[in-house]
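Numbers restart at 1 for each chain; the letters A, B, ... are given by sequence-line order, proteins then strands.
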Protein chains: 2
Amino acid sequence: MLKLSKLTDYAAMMMAQIARAPEEAHTASELAQRLHLPHPTVGKTLKMLAKEGLLISRRGSHGGYVLARPAVEIAASDIIAAIEGPIGMTECSHVDGECELIGTCGVADNWQRVSQAIRTLLDGVTLAHLAQEAPIKLPVLMPIQSVTLPSVAEGRR
Amino acid sequence: MLKLSKLTDYAAMMMAQIARAPEEAHTASELAQRLHLPHPTVGKTLKMLAKEGLLISRRGSHGGYVLARPAVEIAASDIIAAIEGPIGMTECSHVDGECELIGTCGVADNWQRVSQAIRTLLDGVTLAHLAQEAPIKLPVLMPIQSVTLPSVAEGRR
DNA sequence: GCAAAGGGGACTAAAATGGTCCTATATGAT
DNA sequence: ATCATATAGGACCATTTTAGTCCCCTTTGC
């Protein structure tokens with residue numbers, strides 16, 4: 001369903017939680033408790049976010065995680081990419097040309113443009129937006145270029 | 001990776017192929033051959049598309065599938081929804097309030113708005129766009145409302 | 001009646017996902 | 001020094017989802 005994985009969802013929750021109190025270090029157990037999520041899973045997710053450079057960790061007692069940069073500089077796409085890998089709607093929209101159907105599929109190019117548009121949208125949403133309560137105002141995306149279908153249909157025979 | 005499933009990808013390919021020769025009925029075997037996809041899978045996918053009302057099927061010899069409506073009236077979101085079910089980035093963005101984390105997650109509202117924006121984008125892309133070779137011109141999506149993060153951070157303690 | 005199509009569903013193999021657990025290492029306090 | 005508290009980094013497993021296959025039935029045109 002074009003869905004995020006649960007882990008990505010959790011990641012967003014955690015990042016938002018951290019963003020709301022950016023001065024303090026947050027431990028895995030604290031976040032697990034607050035968000036009602038299983039502790040080991042929270043730990044695992046935090047590790048991923050840290051490894052991808054979105055969080056900075058400190059070990060030892062009084063350790064925990066803090067944002068690696070200000071919340072306005074962390075995009076929703078960063079969080080998604082950190083957990084799920086590169087964002088792309090189709091195989092061929094990100095892999096380095098490994099799709100053997102390229103020649104016959106016939107939709108690759110425009111699919112990739114759609115994919116890019118979604119990526120751009122997600123780049124524009126920051127962690128600060130997600131963490132705040134005020135509604136984000138997203139631009140109404142509009143229609144797009146008109147098409148001349150009949151000629152396309154004919155041109156193909 | 002915010003990815004479409006393979007079947008959805010196939011579905012788009014098939015729909016585009018049909019849209020390019022909208023007068024003729026297309027059989028599963030024909031499409032399988034042309035797109036280099038396994039026949040049974042193509043058949044299965046076509047059945048789904050027909051059941052969701054995007055294609056009209058005709059049985060018997062000389063049977064096959066045709067578009068249920070003109071390609072300009074079929075949105076990318078229709079195709080995705082036909083194969084994957086309702087589009088939504090998170091659990092709570094479509095299910096009828098079944099998420100028990102709603103109270104604590106803190107990102108649901110804005111996540112849903114993002115989700116909605118993607119849906120709108122996908123509504124604006126039609127099968128005609130996908131089927132044509134000319135590049136779709138997608139609108140540049142822009143930034144969004146500015147945020148006041150510090151106050152949010154403070155307001156939360 | 002026969003061959004060519006789709007309709008419907010059961011089934012299986014493989015992959016992704018979510019979740020757990022263990023050991024090692026770093027850090028601060030006593 | 002030692003201990004308690006954290007993260008780091010994997011290995012591991014159970015479950016679910018996904019993709020793909022197969023079979024039997026019905027419809028339709030010749």
Side-chain angles (χ1 to χ4, degrees), chain A residues 1-14 18 24-33 35-68 80 82-86 88 90-91 99-101, chain B residues 1-14 18 24-33 35-68 80 82-86 90-91 99 101:
Chain A
M1 323 187 183
L2 211 59
K3 238 193 323 217
L4 300 176
S5 76
K6 273 197 199 176
L7 285 197
T8 308
D9 213 355
Y10 296 169
M13 293 164 59
M14 294 177 221
I18 295 173
E24 306 152 24
H26 299 261
T27 69
S29 359
E30 174 218 322
L31 292 169
Q33 255 191 338
L35 301 172
H36 297 114
L37 298 175
H39 181 172
T41 303
V42 170
K44 182 183 183 177
T45 308
L46 287 167
K47 284 176 210 169
M48 292 195 240
L49 292 168
K51 197 187 305 194
E52 295 301 314
L54 300 186
L55 291 176
I56 290 173
S57 63
R58 231 182 79 190
R59 295 184 169 194
S61 71
H62 294 201
Y65 297 88
V66 293
L67 297 185
I80 297 174
I83 308 295
E84 316 202 352
T90 55
E91 279 309 325
C99 176
E100 346 80 39
L101 297 172
Chain B
M1 324 186 182
L2 212 58
K3 239 196 321 221
L4 300 177
S5 76
K6 273 198 199 176
L7 285 196
T8 308
D9 213 356
Y10 296 168
M13 292 165 60
M14 294 177 220
I18 296 173
E24 306 152 23
H26 299 261
T27 69
S29 0
E30 175 219 320
L31 292 169
Q33 256 190 338
L35 301 173
H36 298 113
L37 297 175
H39 181 174
T41 302
V42 169
K44 182 183 183 177
T45 309
L46 287 167
K47 283 177 209 168
M48 293 195 240
L49 292 167
K51 197 187 307 192
E52 295 300 315
L54 300 186
L55 293 176
I56 290 173
S57 63
R58 232 181 78 191
R59 295 183 169 196
S61 71
H62 293 204
Y65 295 88
V66 293
L67 296 185
I80 298 173
I83 308 294
E84 317 203 350
T90 55
E91 279 308 325
C99 176
L101 297 172

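By the 4.5 Å heavy-atom criterion applied to side chains, B/L7 and B/M48 are counted as neighbours. Counting heavy atoms from C-beta outward, B/I18 and B/L31 have side chains that approach closer than 4.5 Å. The closest side-chain heavy-atom distance from A/L67 to A/L55 is below 4.5 Å.
Comparing A/S61 and A/T8 by the nucleotide of DNA chain C that holds the closest heavy atom to each, the one mapping nearer the 5' end is A/T8. In terms of position on DNA chain C, the residue among A/H39 and B/H26 whose nearest nucleotide sits closer to the 5' end is B/H26.
Atom C1' of nucleotide C/dC22 and atom NZ of A/K44 are separated by 14 Å, given to the nearest angstrom. B/L46 places its CG atom 12 Å from the C1' atom of C/dA5, with the value rounded to the nearest Å. Rounded to whole angstrom, the span from the CG atom of B/L4 across to the C1' atom of D/dT17 amounts to 16 Å. The separation between A/K47 atom NZ and D/dA6 atom P is 15 Å, rounded to whole Å. Counting to the nearest Å, the P atom of C/dA5 and the CD1 atom of B/I56 are 19 Å from each other. Per the geometry, CG belonging to A/D9 stands 16 Å off C1' belonging to C/dG19, to the nearest Å. The interatomic distance linking A/M14 (CE) with C/dG18 (C1') rounds to 12 Å, in whole Å.
Remark: the backbone N or O of B/S5 is paired with a side-chain donor or acceptor of B/E84 at under 3.5 angstrom.
On a pure distance criterion of 3.5 Å, a polar donor-acceptor pair joins the side chain of A/R59 and the base of C/dT25.
Note on B/A25: nothing from the nucleic acid sits closer than 4.0 angstrom, heavy atoms only. Across all strands shown, B/G64 has heavy atoms under 4.0 Å from sugar-phosphate atoms exclusively, and none from any base. At a threshold of 4.0 angstrom between heavy atoms, the contacts of A/P38 are confined to the sugar-phosphate backbone, with no base atom among them.
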